[in-house]
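What follows is a short report on a single structure.
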Number of protein chains: 2
Amino acid sequence: MPIKQKILAKQKILVVDDDMTSRVTLAGYFETEGYEVCEAEDGEQMWAVLNQETINLIMLDIRLPGDDGLTLLRDIRKSSDIGIIMVTGKSDEIDRIVALEMGADDYVTKPFNARELLARSKNLIRRTLNSKVGEEDDDVKTFSGWSLYADQRRLISPEGEDVRLTRGEFELLSTLVQRVGRVLTRDNLLDYISHREWDPNDRTIDVLIGRLRRKIEQDPQNPNIILTVHGVGYVFSPRQ
Amino acid sequence: MPIKQKILAKQKILVVDDDMTSRVTLAGYFETEGYEVCEAEDGEQMWAVLNQETINLIMLDIRLPGDDGLTLLRDIRKSSDIGIIMVTGKSDEIDRIVALEMGADDYVTKPFNARELLARSKNLIRRTLNSKVGEEDDDVKTFSGWSLYADQRRLISPEGEDVRLTRGEFELLSTLVQRVGRVLTRDNLLDYISHREWDPNDRTIDVLIGRLRRKIEQDPQNPNIILTVHGVGYVFSPRQ
DNA sequence: AGATCTTGTTCACATCCTGTTTACACAATT
DNA sequence: AATTGTGTAAACAGGATGTGAACAAGATCT
């Protein structure tokens, strides 16, 4: 499944720009290079994305409605060391330098040189990944004594054992864990783990759920963590 | 106490440029800002300094007598992730981009804008310091009886034997060791060890992993230190 | 300069892994 | 009871991985 593999390896880039043309242009560059791109039109949307996703790089327009780019830059730097590249117009000379002094890693000027932009982005992402080595223990979900480490793709049992999950099992469990208490249809699940249409004869999800249960449920025949909702789908609902 | 030393001591910048005027100009900028500046006129002098001093940032002229800047850049990147800013003339457009793609962090064009140059340098030094805190608080990593000496580029077996690693094997092992428990894709790994794009048919990493396993695993067929994560990549996960 | 060695990369093929399908037993709902 | 949905063992197929061998570009030595 080369598609899925690509997705797993994708770095996420957030483009913050109120001008749709710029946004689309930038998104296009990055997407063809295999990055995943999120978009935001202003500061508010930007924060919403940052709170939800793990972003590796921000392309931040210096001119924005509401809080402008420099303000947002300052606020981000208060709490994060994420890579930031400012997007500037030709007339923003002074602001560019101010941005660098406020901790922006770089800036680009419209119109963009795609090749240069991509090379810079890649180098910056490599640097930020490096610096995260010590600090990234945050991406862990626990339930009923189990711990699921998203970045390490590891599941640790209550006894501390490393339980190996296949890619599909891991994706499935992650999806369920991220939506505790919400019932997900097979259609949903299949879409999340392999971007595929579900048809009524497709039993893939059922089989994967079964294998998952045998690995994490105390009594797989009477599941306590992943429950079946007859006629609908499955729901992740560990007892607290 | 390398960390404390790092923070308290002046940051050292190495300026590599055959043109004395440029060198003096750059050195002046940095010195007034409180940096310590070393100078080199060509590749040979550069290596001499690098072998003797702990440098935090290199300003590297792209045009040099003997080995040119791009060659030196490539050679440095073979063994170090230090911050590098290329110094270029107005006519070096293509080389600038090539340099970025070879792993240079940035470039500046003569004539320099002092304020911008300093801001960029400061940000870059911050990033490289960050990434080094995690990896350099002990320049020797041990696992399952093995010892990997980062500075000497040496691997010592549990029996005390010196096991020779090629450059690629060493870089690969270092990269993995620095990110214990984190799954790295072939894409990631290839980028770290040779700044190259990975395509789905590229088996380089697999072969190198295999050779590494045959050197350090007790039973290379059933690896215990470097594990395969099917469909994703590899993870360094020594038994505790 | 030429010869030799080193080493990253490519190729080819065997083997393994894992998502999917199939089949059938059982459970839930009507 | 009939119908539909779910659990799960077993088999399958195609992609992913392991690996020996060959290759080529650099580095090193003579």
Side-chain angles (χ1 to χ4, degrees), chain A residues 1-9 153 164-173 175 183-187 189-215 217 219-224 226-235, chain B residues 43 47 67 71 74-75 77-79 153 164-173 175 183-187 189-215 217 219-224 226-235:
Chain A
M1 253 101 274
I3 304 171
K4 225 187 291 176
Q5 190 167 2
K6 264 281 156 84
I7 289 165
L8 290 172
R153 297 186 73 79
R164 270 194 74 200
L165 297 181
T166 68
R167 192 178 42 201
E169 290 162 3
F170 179 85
E171 294 287 327
L172 185 55
L173 184 56
T175 307
V183 180
L184 297 171
T185 64
R186 291 172 179 72
D187 201 4
L189 292 169
L190 200 59
D191 187 29
Y192 284 124
I193 72 170
S194 62
H195 301 274
R196 212 154 52 83
E197 283 296 325
W198 179 79
D199 77 284
N201 296 324
D202 193 331
R203 307 299 309 284
T204 302
I205 295 297
D206 304 71
V207 173
L208 285 177
I209 289 278
R211 290 177 182 164
L212 212 42
R213 279 177 174 156
R214 257 162 284 155
K215 289 189 178 177
E217 294 279 3
D219 177 5
Q221 257 88 11
N222 295 74
N224 218 331
I226 300 176
L227 308 182
T228 304
V229 182
H230 196 97
V232 188
Y234 298 94
V235 58
Chain B
W47 288 115
D67 290 343
T71 307
R74 194 193 55 204
D75 290 343
R77 274 282 176 272
K78 277 182 185 169
S79 64
R153 317 199 112 233
R164 266 193 80 202
L165 296 181
T166 69
R167 185 195 76 80
E169 289 163 4
F170 179 84
E171 292 291 327
L172 185 56
L173 183 56
T175 306
V183 180
L184 298 172
T185 63
R186 291 170 180 73
D187 202 4
L189 292 168
L190 200 60
D191 187 30
Y192 284 122
I193 73 172
S194 64
H195 296 278
R196 211 153 54 81
E197 282 296 327
W198 179 79
D199 77 284
N201 295 325
D202 194 330
R203 308 297 310 283
T204 303
I205 295 296
D206 304 69
V207 173
L208 286 177
I209 289 278
R211 291 177 182 164
L212 212 41
R213 278 178 174 156
R214 256 161 283 154
K215 288 188 179 179
E217 294 278 3
D219 177 6
Q221 256 90 10
N222 294 74
N224 219 331
I226 301 175
L227 308 182
T228 304
V229 182
H230 196 100
V232 187
Y234 297 94
V235 57

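All chains are named by letter (A, B, ...) in the order of the sequence lines, taking the proteins before the strands, and each is independently numbered beginning at 1.
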Proximity to the side chain of [X] - top-ranked nucleotide from [options]:
X        : options                : value
A/Val207 : C/dT22, D/dT19, D/dG18 : C/dT22
B/His230 : C/dC17, D/dG5, C/dG8   : C/dC17
B/Asp206 : C/dT9, D/dT17, D/dG7   : D/dT17

For atom [atom1] of [X] and atom [atom2] of [N], their distance in whole Å:
X        : N      : atom1 : atom2 : value
B/Leu208 : C/dT10 : CG    : C1'   : 12 Å
B/Leu189 : C/dG8  : CG    : P     : 14 Å
B/His195 : C/dT9  : NE2   : P     : 13 Å
A/Asn201 : D/dT4  : CG    : C1'   : 13 Å
A/Leu190 : C/dT21 : CG    : C1'   : 13 Å
A/Leu212 : C/dG19 : CG    : P     : 11 Å
B/Arg74  : C/dG8  : CZ    : C1'   : 13 Å
A/Glu169 : D/dT8  : CD    : P     : 14 Å

> So does B/Arg203 reach the base of D/dG18 with its side chain, donor to acceptor, closer than 3.5 Å?
Replying inline: yes
Just to confirm, is there a sub-4.0 Å distance from OP1 or OP2 of [N] to any side-chain nitrogen or oxygen of [X]?
X        : N      : value
B/Thr228 : D/dG18 : yes
B/Ser194 : C/dG8  : no
B/Gln221 : C/dC16 : no
B/Arg164 : C/dT7  : yes
A/Arg196 : C/dT20 : yes
B/Arg167 : D/dA27 : no
B/Thr166 : C/dG8  : yes
B/Tyr234 : D/dG18 : yes

> Would you call A/Arg213 and A/Thr228 a side-chain contact if the rule is heavy atoms closer than 4.5 Å?
Replying inline: yes
> With a 4.5 Å heavy-atom cut-off, do B/Leu184 and B/Val232 have their side chains touching?
Replying inline: no
> Which residue, A/Ile205 or B/Ile205, contacts DNA chain C at a nucleotide closer to its 5' end, judged by nearest heavy atom?
Replying inline: B/Ile205
>> Categorize B/Arg211 for me: base, sugar-phosphate, or nothing, with a 4.0 angstrom heavy-atom threshold over every strand shown.
In response: base
>> Does A/Asp202 reach a base, just sugar-phosphate, or nothing at all? Heavy atoms under 4.0 Å.
In response: sugar-phosphate
> Rounded to the nearest 0.5 Å, what separation is found between the OG1 atom of A/Thr166 and the CD atom of A/Glu171?
Replying inline: 9.5 Å
>> Rounded at 0.5 Å granularity, tell me how far CZ in A/Arg203 sits from CG in A/Asn201.
In response: 9.0 Å
> Given A/Tyr234, which of A/Thr175, A/Val229, A/Asp206 fulfils the side chain to side chain contact (heavy atoms under 4.5 Å, CB included) condition?
Replying inline: A/Asp206
>> Here's a test for you: under salt bridge (charged side-chain N to carboxylate O under 4.0 Å, His left out), which of B/Asp191, B/Asp202, B/Asp187 qualifies with B/Arg196?
In response: B/Asp202
